[in-house]
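A short worksheet on the structure shown next.
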Amino acid sequence: MSFRKRNIGLSSPSRTPQSPTQNSTSSLNPTPKPASPGVRPSPIDGRPTTSTGTPSLDALLAGHTGLALGASLLIEESGTTDFGGALLRYYAAEGVVQGHRVHIVGVGEGWGRELPGLVGAAEDEELEGAGKRKRSERMKIAWRYERLGEFGGVVGSRAPPPPTPNRIPLAGSSASTTTPAGASTSPPTAFCHTFDLTKRLALPSPSPLSFLPVAYSNTNPQASPFTTILQALTARLRESPPTAIHRIIIPALLSPALYPSHASQPQHLLRFLHSLRGLLRLHSSRLTAMVTLPLELYPRYTGLVRWIEILSDGVLELTPFPHLIDNSSSTTTTSGAAIAQEDQPQGMVKIHSLPIFHEKGGGGGALSGLGEDLAFTVSRRKFVIKAFSLPPVDGDTDAQQGKVGGGEEGKQTTHCARKFNMADDDEGLEALAELEREASEFNKDAEIDRILKAFRLDAYAVLGLQPGVPESDIKNTYRKKSLLIHPDKTKNPRAPDAFDRLKKAQTELMDEKQRTRLDEAIADARMLLIRERKWTVDHPDLISEAFAKDWREKTKLVLIENEHRRRKQVKGQMAEEGRQKKKEDEELESRKRKRDYEQEWEQTRESRINSWRDFTKKGGEKKKKKIKVLG
């Protein structure tokens, strides 16, 4: 029977002799092919993934710890902010740092000059923070038991543990790695980096950024604006080496400031998205895409946005919190996770779909599932997505005051940390405020332009609603849009006209008779089209996009005809009222003349009587002359 001391780990010898068979086998194994920079296999199924530039967003993507190559991600954002644009800039900056080819659609070179500056590797920052916490919280025990329980640790020794075979150093280290075969390899680059929004990224020469403008055709104004973009993307993918990684970035899809009005037609947009999806599947080992869509202009309940979501592999929605005057006393935007050493959340994150689910995973990765409410925080150096919880209860004073160490010492530490974070984030907050102001003015101008271009006889089109919506949606939409384009909140000179049209449309839809008349006109337009084409009410083409377009045009004609008829009826009614008014005036004048004559007759009665009396006093009537008879 053998004995060993307790609490002593058994360590293997430092050198293990290899058999000739093992040596021959290792010599026959070829050297593994180096992976592309910024690409690593998924821990779930081994498919290649790349970082989005945001570690917390990488952790969300179905456990793959990155965006899988060959997949696309749609970022929807409600309100007038541009937090989705910050995610795109992180995504583009990460591609530039990794040496990827970045293709930006629809915007100019000024967008690329605003990429955030590089700070360092995200892994190094996380390990440094973890090391500090570990050193501060580690129990001070005897040095001979300090390494007890670690693999390869020896009791009573201060020496570091022996190196592990095939150990890969962290990103940023200068040491090289030696494989069992003896081949020396360079350390791999970092998978994800951190950036500073207040700084600007120095672009290499030649620049890896390529800008694809939206084409406008003067000869054919209804031509698809996406044709040249697809041709340029296809050419760049074909001309690049097969190992080059590409990133496609589409900011503010269908924005009126970047795209023509007919770009939102389904025959153009859906064809482009189908083609983009085909490129992603064809180049599934070297291409990713990220798109942002403003929900303020294109709500989620519209059919077009639902088709865009279907043709995207992943869909996330950012819902920013409303700006409050006193953030310190606000409980709406206070999270239980946002203690003194962390920033308060600035909005909620909704996950509608994730790219590439797998039977081994499909949850939120490091965020412990998708069942929790998620919130995002944007600071100067990071865009963080974390779990959102309710504020602490009134009795939990430690949680409310943010005590970490407990007692007065923890309170002072928290106060110092708050002051440092506030001073450190001033520049970042100013930059974010400037971005929010630009995005707000842009959305206001776009909404004003849309309202003024809408068919004014169709109140649904002016408000951007579908026929048949309830009154609550009409009130909510009018409230949001009226606050957005109010003349007191924008410098656009056309804001008063747009506001008047919006108010008139809301008044018309809230009037039951006028809304019924409008709904009947829309239904009449549909029946007229069916009769003209000799279709039945269950014809399959009634649900096609072409019929929907013809229906909208027919509705305009019906509304115009109804307006002409109404104006003609009003004109005839006014003429009839004029005739009645004239007749009444003539009758009044006749009665007035008769009344005046009777009054005058009564007033001259005495004079007539006196005249008769005077006549009788003078001799009465004249005597009649006797007629002489001749012969």
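Only this structure's heavy atoms are used, side chains among them; waters, hydrogens and symmetry mates stay out. Quick caveat, the model's predicted, so the values are computed rather than measured.
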Under 3.5 Å donor-acceptor, S312 side chain and G314 backbone:
no
Do other residues, nucleotides or ligands put more than 12 heavy atoms under 6.0 Å from the CZ atom of R456?
no
Is the gap between the ring centers of H103 and H246 under 6.0 Å?
yes
Quick one: does any side-chain atom of S207 pair with a main-chain N or O of L203 as donor and acceptor, under 3.5 Å?
no
Evaluate side-chain contact (heavy atoms from CB on, under 4.5 Å) for M290 paired with I248, printing each intermediate quantity in order.
CA-CA 6 Å; M290 188 177 290; I248 300 175; over 6 Å; no
Is the closest side-chain heavy-atom distance between L318 and I75 below 4.5 Å?
yes
Test item: S482 side-chain N/O and R479 main-chain N/O as donor-acceptor pair under 3.5 Å
yes
Atom pair CG (L280) and OG1 (T288), whose distance is rounded to the nearest 0.5 Å
8.0 Å
Between T227 and Q231, is any side-chain donor less than 3.5 angstrom from a side-chain acceptor?
no
Are any side-chain N or O atoms of D541 and backbone N or O atoms of S544, one a donor and one an acceptor, separated by less than 3.5 Å?
no
Set out, in order, the CA-CA distance, both residues' side-chain angles and the distance that settles salt bridge (charged side-chain N to carboxylate O under 4.0 Å, His left out) for D449 and K453, then state yes or no.
CA-CA 6 Å; D449 185 67; K453 288 182 179 180; 3.2 Å; yes
Measure the spacing between CG of D445 and CD1 of I485 and express it to the nearest 0.5 Å.
11.0 Å
Using the salt bridge (charged side-chain N to carboxylate O under 4.0 Å, His left out) rule, take E447 and K481 through it: C-alpha gap first, then chi angles, then the decisive distance, then the call.
CA-CA 8 Å; E447 182 63 20; K481 294 184 181 297; 3.1 Å; yes
If you count heavy atoms of other groups shown closer than 6.0 angstrom to CZ of R494, is the number above 12?
yes
Check the pair W307 / L270 against side-chain contact (heavy atoms from CB on, under 4.5 Å), numbers first and verdict last.
CA-CA 8 Å; W307 271 109; L270 298 184; 3.6 Å; yes
Counting only heavy atoms not in W111, do more than 12 fall under 6.0 Å of its CH2?
yes
For the pair R40 and T65, evaluate side-chain contact (heavy atoms from CB on, under 4.5 Å) and give the outcome as yes or no after the intermediate values.
CA-CA 10 Å; R40 69 182 180 188; T65 66; 3.5 Å; yes
Looking only at the side chains, is there a donor atom on one of D519 and Y460 sitting less than 3.5 Å from an acceptor on the other?
yes
Closest non-hydrogen atom pair, W551 against I522
NE1-O, 3.0 Å
All heavy atoms of L209 vs all of G112, minimum pair found to be CD1-CA, 4.0 Å
Straight-line distance of Y90 OH to S51 OG, nearest 0.5 Å:
12.0 Å
Please determine, by modelled atom types, if D58 and T52 share a side-chain donor-acceptor pair under 3.5 angstrom.
yes
When you measure from the side chain of E94 to the backbone N and O of H193, does any donor-acceptor pair fall under 3.5 Å?
yes
Do T54 and V384 come within less than 4.5 Å of each other through their side chains, counting heavy atoms only?
no
For T198 and D196, does a side-chain donor sit closer than 3.5 Å to a side-chain acceptor?
yes
What heavy-atom pair brings P299 and V305 nearest, and what distance separates the two atoms?
O-CG2, 3.2 Å
Using the side-chain contact (heavy atoms from CB on, under 4.5 Å) rule, pick out the option among Q98, R286, H100 that qualifies with T50.
H100
Presence of salt bridge, E309 and R300, under 4.0 angstrom
yes
Would you say the ring centers of H486 and F499 fall short of 6.0 Å from each other?
yes
Can you check whether E77 reaches P320 side chain to side chain, under 4.5 Å on heavy atoms?
yes
Does S240 use its side chain to pair, donor to acceptor, with the backbone of L237 at less than 3.5 Å?
yes
Could you report the tightest heavy-atom contact between A263 and F226, atom names first, then the distance?
O-CE1, 3.7 Å
Is the ring centre of F83 less than 6.0 Å from the ring centre of F383?
no
Does R247 count as lying over the ring of Y91, i.e. NZ or CZ under 6.0 Å from the six-ring centre, within 45 degrees of the axis?
yes
Mind checking whether L69 and L287 have side chains closer than 4.5 Å, heavy atoms only?
no
Does some side-chain heavy atom of I250 sit less than 4.5 Å from a side-chain heavy atom of F272?
yes
Where do E76 and K350 land on the salt bridge (charged side-chain N to carboxylate O under 4.0 Å, His left out) test, with the steps shown first?
CA-CA 9 Å; E76 301 174 339; K350 299 179 183 178; over 6 Å; no
Check R200 with E114, please: is the shortest side-chain N to carboxylate O separation under 4.0 Å?
no
Just so I know, are the side chains of L304 and S264 near enough to count as touching, which here means a heavy-atom distance under 4.5 Å?
yes
What distance separates K386 NZ from D373 CG, expressed to the nearest 0.5 Å?
14.5 Å
Give the intermediate values and the outcome of side-chain contact (heavy atoms from CB on, under 4.5 Å) for residues D458 and L518.
CA-CA 8 Å; D458 189 357; L518 179 59; 4.0 Å; yes
Could you work out, with side chain to side chain donor-acceptor pair (under 3.5 Å) as the rule, every residue matching R277, not counting sequence neighbours?
none
Once rounded to the nearest 0.5 Å, what's the spacing between atom CG of L57 and atom CG of L316?
6.0 Å
Is there a donor-acceptor pair under 3.5 Å between the side chain of T234 and the backbone N or O of L230?
yes
Would you say that more than 12 heavy atoms from the other residues, nucleotides or ligands in this model lie under 6.0 Å from the CG of L483, or not?
yes
Would you check if the side chain of S56 reaches a backbone N or O of I385 as a donor-acceptor pair within less than 3.5 Å?
yes
Would you find a donor on one side and an acceptor on the other, under 3.5 Å apart, between the side chain of S353 and the backbone of V315?
yes
For residues K444 and K491, determine if any side-chain heavy atom of one lies less than 4.5 Å from a side-chain heavy atom of the other.
no
Under 4.5 Å between any side-chain heavy atoms of L254 and L297, yes or no?
no
Might you point out which heavy atoms bring L295 and S78 nearest each other, and give the distance in Å?
CB-CA, 4.1 Å
What's the spacing between L74 CG and D313 CG if we round to 0.5 Å?
10.5 Å
Has the side chain of T49 got a donor or acceptor atom that lies under 3.5 Å from a matching backbone atom of L67?
no
With a 3.5 Å cut-off and no angle check, do the side chains of H352 and E317 form a donor-acceptor pair?
yes
Taking all atoms of both residues into account, what is the closest heavy-atom pair of P48 and V39, and its distance?
CB-CG1, 3.7 Å
